[in-house]
Amino acid sequence: MELKQLPHNHNENTNTEFIRKQIEKVDNFQIIADTFKQLGDTTRIRIFWLLCHCEECVINISAMLNMSSPAVSHHLRPLKNSGLITSRRNGKEVYYRAADNEQSRLLHLMIEQVMEISCPEE
Ligand SMILES: [Zn+2]
């Protein structure tokens with residue numbers, strides 16, 4: 001599809017066409033918006049960051065965050081649905097940890113860089 005002429009002509013650089021084609025792919029950007037929606041909540045970020053460094057059950061996460069287990073479960077569900085964390089069942093216990101994917105690694109890195117803390121695993 002031919003790109004429409006922009007109202008103003010400011011000697012566009014060679015990337016302009018690529019950028020304009022990408023910007024039209026709303027679904028791609030929706031993926032990013034959905035990911036950040038998961039982290040648009042302090043508790044969820046704390047749970048996610050915690051699970052980047054250890055595998056834990058709901059009871060222990062609740063104890064560390066000083067929250068009830070149902071409240072923690074309420075936050076774990078969307079984190080799991082978004083693919084940022086995974087769970088593993090062992091008998092009656094379910095353990096959670098950050099997913100082993102690029103999305104999760106980048107968010108882990110971003111949290112620590114923005115908060116200017118070093119990763120306890122380094
Ligand atoms: Zn870390």
Side-chain angles (χ1 to χ4, degrees):
M1 196 177 74
E2 199 59 33
L3 289 170
K4 256 194 323 205
Q5 187 76 37
L6 291 178
H8 289 184
N9 184 356
H10 303 297
N11 300 316
E12 290 148 30
N13 67 40
T14 48
N15 287 331
T16 306
E17 191 179 336
F18 174 78
I19 292 167
R20 290 187 62 192
K21 284 198 169 135
Q22 293 304 315
I23 212 84
E24 285 175 3
K25 297 176 185 167
V26 179
D27 288 353
N28 279 354
F29 288 92
Q30 188 62 49
I31 296 167
I32 314 293
D34 291 343
T35 302
F36 280 106
K37 204 182 286 170
Q38 296 311 313
L39 296 178
D41 179 287
T42 312
T43 305
R44 236 169 269 176
I45 299 175
R46 291 166 74 214
I47 293 172
F48 173 73
W49 186 76
L50 169 71
L51 295 175
C52 285
H53 306 101
C54 58
E55 187 180 54
E56 273 302 353
C57 66
V58 177
I59 303 296
N60 282 357
I61 298 168
S62 308
M64 282 189 259
L65 270 71
N66 236 327
M67 287 174 67
S68 72
S69 317
V72 167
S73 295
H74 169 80
H75 288 295
L76 288 170
R77 214 170 304 124
L79 283 170
K80 196 183 164 191
N81 289 341
S82 72
L84 288 174
I85 65 168
T86 57
S87 64
R88 169 178 76 87
R89 180 176 283 279
N90 186 5
K92 282 182 177 174
E93 206 75 87
V94 178
Y95 297 96
Y96 296 88
R97 64 176 307 137
D100 184 16
N101 60 36
E102 192 59 12
Q103 188 189 17
S104 167
R105 268 189 292 280
L106 287 171
L107 285 169
H108 174 185
L109 190 70
M110 187 187 77
I111 292 166
E112 289 168 356
Q113 288 197 351
V114 171
M115 296 202 303
E116 296 181 341
I117 55 171
S118 47
C119 185
E121 281 175 1
E122 277 169 5

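The shown structure was predicted, so the numbers you read here are calculated from the model rather than taken from an experiment. Note that ligands are numbered from 1 as they come in the structure, with each ligand's atoms numbered from 1 the same way. Heavy atoms only: backbone and side chains are in, while hydrogens, waters and symmetry mates are out.
From Arg44, atom CZ reaches atom CD1 of Ile85 across 10.5 Å, with rounding to the nearest 0.5 Å.
Side-chain contact check for Asp34 and Gln30: at least one donor-acceptor pair (N or O, by modelled atom type) lies under 3.5 Å.
Because the distance cut-off is set at 2.8 Å, Glu112 qualifies as a neighbour of the Zn ion (ligand 1) through one of its N, O or S atoms. Backbone or side-chain N, O or S atoms of Cys52 do not reach the Zn ion (ligand 1) at under 2.8 Å.
Minimum interatomic distance between Val94 and Ser87 (heavy atoms only, all atoms of both residues): CG1-CB, 3.8 Å.
Of the charged side-chain nitrogens involved, none lies within less than 4.0 Å of a carboxylate oxygen, so that Glu17 and Arg20 do not count as a salt-bridged pair.
When rounded to 10 degrees, the angle formed at the Zn ion (ligand 1) by NE2 (His108) and SG (Cys119) equals 110°.
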